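Only one structure is covered here, and it is reproduced in the block below.
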Amino acid sequence: MDTGLRHLRCFLALAEEQHFTWAADRLGISQPTLSRHIQRLEAVLGRALVDRSTRHPRLTAEGQRLRADLQVLLPQLETALRPPEPPSSLRLGYAWGYPLQRSRRAQATLEERHLVLVQPVRRDDRTTGLREGCVDAALLRGTVRDPRLVTTAILREPNIAAVARTSTLAVRDRVTWRDLGRRCIIVNTVSGTLTAQDWPADATPEIGAETSNIEEYLHAVAARRGVGVLPVPVAAQHPDPDILYLPLTGAPPAVLTYAYPRTNPHPYAATFGRALRQDRPAERSAFVRSRNRRASADA
């Protein structure tokens, strides 16, 4: 016959209450159930713990010794056996624009179903601090190949051209990928993905400026240091009065990748990834046309 924690809890409650009815009420069980648990514990130990000859139960010498031990040891044992509490938050790194609709819906799912808050953390870094352990998971631009990370492509977004309003390209309705190959381009050397080698060999652009974050990137475009290329959702989050966003044809799509560590991942990293994949709202560029029309009218 084995002794379980419930037997020890029952004995300690009875020892402290010195009354079967009160102890049973405290434990939320019936008095006969409490009596059976005490009897089983006594049978396992082979000695009486409670003197039942009086109106109210009294502890025997063995019972008093066990009570003193359990008051110290039982709380420690219960703490040691308690399952670890899940973390209350998941730090989600990003750099080039936060995918608002998709991420916020996945964030709401995690918070409502699992009570885990998602904390977006911007880091201007290729993995937004994931490799350094600054975040638990990350939304990364481009295809990521790292055996230390679990990666999943979440979105393939259209790219758009960012040109200065004083640029000769500003009079066009749209530009092609090869058009940009005849120009200087802006590159983000810290967290960006595009390089001059992404264009055909016979239409390779020059580097007009190197930047390290989205703000520097847009300032360089506005100052006519070169032409920029951004995913449409990123451009939507960064309007600029001196920049015109033009539809871009023939450009490769921008890949948005979700990643988290393969070793010792956050308990809800995979769950959040599934929530991201389940939500696939259509990404449209209508905002570009309407924004440009309003900007032209204001000008």
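Because the structure is predicted, anything quoted here is derived from the model rather than measured. All heavy atoms count here, side chains included; hydrogens, waters and symmetry mates do not.
- Salt-bridge annotation for R102 and E157: absent, with no side-chain N of the basic residue lying under 4.0 Å from a carboxylate O of the acidic one.
- Within the 4.5 Å cutoff, side-chain heavy atoms of Y258 are placed close to those of L92.
- What you find for D125 and A95 is that their closest heavy atoms are O-CB, 4.4 Å.
- For D202, the CG atom is densely surrounded, since the number of other residues' heavy atoms within 6.0 Å is greater than 12.
- The CG atom of L8 lies 8.0 Å from the CG atom of L77; values are rounded to the nearest 0.5 Å.
- Taking all atoms of both residues into account, the shortest heavy-atom contact from L90 to V116 is N-CG1, 4.0 Å.
- Contact check for H266 versus R91: no side-chain heavy atoms found under the 4.5 Å cut-off.
- Side chains of E78 and R9 form a contact here, defined as non-hydrogen atoms less than 4.5 Å apart.
- Using a cutoff of 4.0 Å between basic side-chain nitrogens and carboxylate oxygens, R131 and D146 are scored as salt-bridged.
- In this structure, the separation between CD on E42 and CZ on F11 is 8.5 Å, given to the nearest 0.5 Å.
- Under the 4.0 Å criterion applied to side-chain N and carboxylate O atoms, E16 and R26 are assigned as salt-bridge partners.
- Taking a cutoff of 4.0 Å between a charged side-chain nitrogen and a carboxylate oxygen, R183 and E206 do not qualify as a salt bridge.
- No side-chain heavy atom of C134 sits less than 4.5 Å from a side-chain heavy atom of V121.
- Y268 and H114 have tilted rings, their planes meeting at an angle from 30° to 60° on a 0 to 90° scale.
- Residues L180 and P205 come closest through the heavy atom pair O-CB, 3.5 Å.
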**OP:** Assess whether side-chain hydrogen bond (donor to acceptor under 3.5 Å, both in side chains) is satisfied between E216 and S212, documenting all intermediate values.
**Re:** CA-CA 7 Å; E216 293 179 1; S212 60; 2.9 Å; yes
**OP:** Could you walk me through whether T189 and E210 pass the side-chain hydrogen bond (donor to acceptor under 3.5 Å, both in side chains) test, one step at a time?
**Re:** CA-CA 6 Å; T189 59; E210 294 182 344; 5.0 Å; no
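- The closest side-chain heavy-atom distance from R141 to V234 is below 4.5 Å.
- Remark: E215 engages R122 in a salt bridge, criterion side-chain N to carboxylate O under 4.0 Å.
- Here the side chains of L45 and L66 are in contact, with some heavy-atom distance below 4.5 Å.
- The shortest non-hydrogen separation linking R156 to P253 is NH2-CG, 3.2 Å.
- Ring orientation note: the planes of H56 and H19 are tilted relative to one another, at an angle of 30° to 60°.
- By the 4.5 Å heavy-atom criterion applied to side chains, L41 and C10 are not counted as neighbours.
- For G142 against T257, the heavy-atom pair with the smallest separation is O-OG1, 2.7 Å.
- The shortest distance between side-chain heavy atoms of F272 and T109 does not fall below 4.5 Å.
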